[in-house]
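Structure record follows, encoded as structure tokens.
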Amino acid sequence: GRRSERRRMEEALRQSEHNYRVRFESMIDGMVVIDTETMRIVLANDNSARTYGFDTAAEMSGVCLLDYIHPEDRDRVATILMDDMVEESARRIHEFRTFTTDGRALWLSAITAKIEYQGKVARLLSFRDITDRKRAEEERKKMEQQLQFAGRLAAVGELAAGVAHELNNPLAAVLMYAQLLKSRSDIDESMAGDIDIVHREAERATRITSSLLSFARRHRPEKSLISLNEVVAKSVELNAYQMRIENIELEMNLDPDLPMTMADFHQWQQVFVNIINNSEQAMSQAHD
């Protein structure tokens, strides 16, 4: 009669609770129920414990989830959990950073739902670890930026080569006229000294434009006997202006008896230019 009916109802309720627990535990995603008044976890499934590094789901009970959220995302996550716009927020996927018990950083993708748990309004947070996806996206962005930078660098190289090429003709004229003036007999000693300076500086500018053209030009890898001292000198010459404006003084102490080396001149020049650039940047940042 009534007693057996009541037992059937109690059994059905227990079965219902059991089924709920099984479904809750078997979700692929981590799931936690949060008391919106205290922001503390009142129920968690095993997957959420695994994600955060707890030994058991029971250990998460009473934990304030916000303590594990990245400081920059904490206010946003708190707003999401307290948001009463249930229908709207339930359709939205939220991504935020969090930390595990041992300090590892994770990215989570989460959806929320307003529920009633043990007679109180609570928020169900269902989440998935998307750290690998985020890292892949970050790598892709870095590669895109590097490709864009390489493209800009190539364009600047072409431009610099074009400017260097255009400078060759006027520099050749300066050198020629300085040479003609030096050969005149009616030039006094003071003026001859000035013409020497003009000639010397024009030669220096010619060497720089020649190095720039050589550096900017595409070369097929080709080994030959080269002087590493000459590679270093030409690389320093290309960086001279940058070092001057950064107030960096460079002292070269090259071995005059260094033997010739079988290598590709332009590849080694690229290496030394990069080393000098990196050193310049490190020194300028150290004094910022």
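Taking the side chain as every heavy atom from C-beta outward, Phe54 and Thr101 approach each other to under 4.5 Å. Looking only at side-chain heavy atoms (C-beta outward), Gln267 and Val271 stay at 4.5 Å or farther from each other. Looking only at side-chain heavy atoms (C-beta outward), Glu203 and Thr206 stay at 4.5 Å or farther from each other. Using a 4.5 Å heavy-atom threshold, the side chains of Phe265 and Lys234 count as touching. Counting heavy atoms from C-beta on, the side chains of Glu37 and Lys120 come closer than 4.5 Å. Side-chain atoms of His199 and Lys182, non-hydrogen and from C-beta on, do get closer than 4.5 Å to each other. Side-chain contact between Val121 and Lys114 is present, with heavy atoms from C-beta onward closer than 4.5 Å. Side-chain contact between Glu189 and Met191 is absent, with no heavy-atom pair separated by less than 4.5 Å.
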query: Can you check side-chain contact (heavy atoms from CB on, under 4.5 Å) on Phe127 and Ser109, steps first, answer last?
result: CA-CA 5 Å; Phe127 60 82; Ser109 170; over 6 Å; no

- request: Take Leu167 and Val163, measure what side-chain contact (heavy atoms from CB on, under 4.5 Å) needs, and give me the verdict at the end.
  value: CA-CA 6 Å; Leu167 284 171; Val163 170; 4.1 Å; yes

- request: List the steps and the verdict of side chain to side chain donor-acceptor pair (under 3.5 Å) for Gln270 and Asn274.
  value: CA-CA 6 Å; Gln270 181 71 60; Asn274 285 342; 3.3 Å; yes

message: Run the side-chain contact (heavy atoms from CB on, under 4.5 Å) test on Ile34 and Val42 for me, step by step, so that the C-alpha distance in whole Å, both residues' side-chain angles and the decisive distance to 0.1 Å come before the verdict.
response: CA-CA 6 Å; Ile34 294 164; Val42 291; over 6 Å; no

task: Determine, step by step, whether Asn168 and Thr209 satisfy the side chain to side chain donor-acceptor pair (under 3.5 Å) criterion, reporting the C-alpha distance in whole Å, the side-chain angles of both residues, the deciding distance to 0.1 Å, and the verdict.
output: CA-CA 7 Å; Asn168 274 345; Thr209 55; 3.1 Å; yes

- request: Take Asp102 and Thr100 through the side chain to side chain donor-acceptor pair (under 3.5 Å) test and state the conclusion after the steps.
  value: CA-CA 5 Å; Asp102 57 357; Thr100 61; 2.4 Å; yes

- prompt: Please walk me through it: do Trp268 and Val232 pass side-chain contact (heavy atoms from CB on, under 4.5 Å)?
  reply: CA-CA 9 Å; Trp268 272 102; Val232 171; over 6 Å; no

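Under a 4.5 Å side-chain heavy-atom criterion applied to ILVMFWY residues, the cluster that includes Met176 comprises Tyr177, Leu180 as well. If you chain together ILVMFWY residues whose side-chain heavy atoms come under 4.5 Å of each other, Met260 ends up grouped with Leu225, Met262.
Interatomic distance, CG of Leu250 versus CD of Glu280, reported as 9.0 Å (0.5 Å rounding). The structure places CD1 of Ile226 at 6.5 Å from OG1 of Thr261, a figure rounded to the nearest 0.5 Å. In this structure, the separation between CG on Asn229 and CG on Asp257 is 9.5 Å, given to the nearest 0.5 Å. Once rounded to the nearest 0.5 Å, the distance linking CG of Asp132 with CD of Glu137 reads 11.5 Å. Here the CZ atom belonging to Arg123 is positioned 10.0 Å from the CE atom belonging to Met82, to the nearest 0.5 angstrom. The line from CD of Glu237 to CD of Glu230 is 10.5 Å long, rounded to the nearest 0.5 Å.
Between the side chains of Tyr52 and Thr98, at least one donor-acceptor pair of N or O atoms lies under 3.5 Å. A donor-acceptor contact under 3.5 angstrom links the side chains of Thr131 and Asp129, judged on distance only.
Neither Phe99 nor Leu66 shares a network with the other; the hydrophobic side chains, linked directly or stepwise wherever heavy atoms of I, L, V, M, F, W or Y lie under 4.5 Å apart, form separate groups for each. Linking Ile, Leu, Val, Met, Phe, Trp and Tyr residues whenever their side-chain heavy atoms come within less than 4.5 Å leaves Leu181 and Val174 in two separate clusters. By the rule that hydrophobic residues join a cluster once side-chain heavy atoms approach within less than 4.5 Å of another member, Val198 and Ile187 end up as members of separate clusters.
Annotation for Ser235 and Gln269: closest pair OG-CG, 3.4 Å, computed over non-hydrogen atoms. Across Ser48 and Met31, no two heavy atoms sit closer than the pair OG-O, 3.6 Å. The two residues Leu171 and Ala202 make their nearest non-hydrogen contact at CD2-O, 4.1 Å. Closest approach of Met252 and Val236 over heavy atoms only: SD-CG2, 3.9 Å. Here the closest non-hydrogen pair linking Ile195 and Ala178 is CG2-O, 3.3 Å. Contact record, Arg97 with Ile69: O-CG2, 3.5 Å, taken as the closest heavy-atom pair.
Applying the side-chain hydrogen bond (donor to acceptor under 3.5 Å, both in side chains) test between Glu144 and each of Lys141, Gln148, Arg140 identifies Arg140 as the sole match. Partner Glu95 forms a side-chain contact (heavy atoms from CB on, under 4.5 Å) with one of Ile130, Leu108, Asp73 and no other, that one being Ile130.
No close placement of the Phe96 and His70 rings is indicated, their centers lying 6.0 Å or farther apart.
With sequence neighbours excluded, no residue forms a ring-ring contact (aromatic ring centres under 6.0 Å, His included) with Trp107.
For Arg204, the CZ atom sits in a loose shell: 12 or fewer heavy atoms of surrounding residues, nucleotides or ligands are nearer than 6.0 Å. Surrounding CG of Asn253 are at most 12 heavy atoms belonging to other residues, nucleotides or ligands under 6.0 Å away.
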